[in-house]
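Notes for the one structure printed next.
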Amino acid sequence: MNYTLAFALVILSNGEIKESQTTYYTRLQDCRWYAQTLMQKTKFYKPVEEAYCTPAWVNKDKVKLVTVKVIPKTVTEEGEE
């Protein structure tokens, strides 16, 4: 078996873990960001009851691991167009 360490984003609703909504991330920082975002109340979004990250050993062949890729914005020097 092909196991790897991942970080599971666990979502609670009505005090119960929603297994079907668990997402696995390769980086803890990405998982934490989504957990915090899901728990913030906004004008158009009702937050989840609770979301947290926990380490988990997962089979890479059976579970999709999410990797957040950020493309840095290019910075030009002053005076260049």
Side-chain angles (χ1 to χ4, degrees):
M1 299 212 178
N2 195 7
Y3 284 96
T4 188
L5 181 63
F7 299 96
L9 174 59
V10 179
I11 297 174
L12 270 70
S13 179
N14 296 328
E16 296 181 13
I17 295 175
K18 297 295 181 185
E19 293 284 338
S20 63
Q21 297 176 350
T22 301
T23 308
Y24 297 94
Y25 292 87
T26 55
R27 293 178 16 167
L28 178 58
Q29 180 180 1
D30 297 336
C31 185
R32 285 180 177 168
W33 185 85
Y34 279 102
Q36 291 172 355
T37 301
L38 288 171
M39 293 191 321
Q40 291 178 357
K41 185 176 181 179
T42 65
K43 183 176 179 180
F44 301 106
Y45 175 76
K46 182 180 176 186
V48 297
E49 181 181 321
E50 187 177 354
Y52 62 91
C53 299
T54 185
W57 288 100
V58 295
N59 186 341
K60 286 172 54 173
D61 300 330
K62 295 183 179 180
V63 173
K64 180 181 178 187
L65 294 176
V66 177
T67 302
V68 179
K69 295 181 181 177
V70 178
I71 301 172
K73 187 176 181 180
T74 58
V75 178
T76 60
E77 293 190 28
E78 291 180 354
E80 289 186 13
E81 291 185 26

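All figures in this text were calculated on a predicted structure; none of them were measured in a lab. This chain uses plain numbering: 1 for the first residue, then up along the sequence.
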Let's go through Leu38 and Leu9 carefully: what are the C-alpha distance in whole Å and the side-chain angles of both, what is the deciding distance for side-chain contact (heavy atoms from CB on, under 4.5 Å) to 0.1 Å, and is it a yes or a no?
CA-CA 10 Å; Leu38 288 171; Leu9 174 59; 3.9 Å; yes

Qualifying residues under side-chain contact (heavy atoms from CB on, under 4.5 Å), relative to Tyr24, sequence neighbours excluded
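Scan of Tyr24 (side-chain contact (heavy atoms from CB on, under 4.5 Å), adjacent residues dropped) gives Ala6, Ala8, Thr22, Ala56, Val58, Val63, Leu65.
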
Does Met39 reach the side chain of Val48, with side-chain heavy atoms less than 4.5 Å apart?
yes

Between the SG atom in Cys53 and the CD atom in Gln29, the distance rounded to the nearest 0.5 Å is 11.0 Å

Once you round to the nearest 0.5 Å, how far does CH2 of Trp57 lie from CG of Leu5?
5.0 Å

Can you list the other members of the hydrophobic cluster that holds Leu28, where links are side-chain heavy atoms under 4.5 angstrom apart?
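Phe7, all in the cluster of Leu28.
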
Glu49 versus Leu12, closest heavy-atom pair with distance:
CB-O, 3.3 Å

Is Ile11 reachable from Tyr45 through a run of I, L, V, M, F, W or Y residues, each pair having side-chain heavy atoms under 4.5 Å apart?
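Looking at the clustering, Ile11 is in the same group as Tyr45.
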
Residues which pass salt bridge (charged side-chain N to carboxylate O under 4.0 Å, His left out) with Arg27, listed by chain and number, not counting sequence neighbours
Asp30

Counting distance only, does the side-chain N/O of Asn14 pair as donor-acceptor with the main-chain N or O of Glu16 below 3.5 Å?
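The answer is no, because no donor-acceptor pair under 3.5 Å joins these two groups.
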
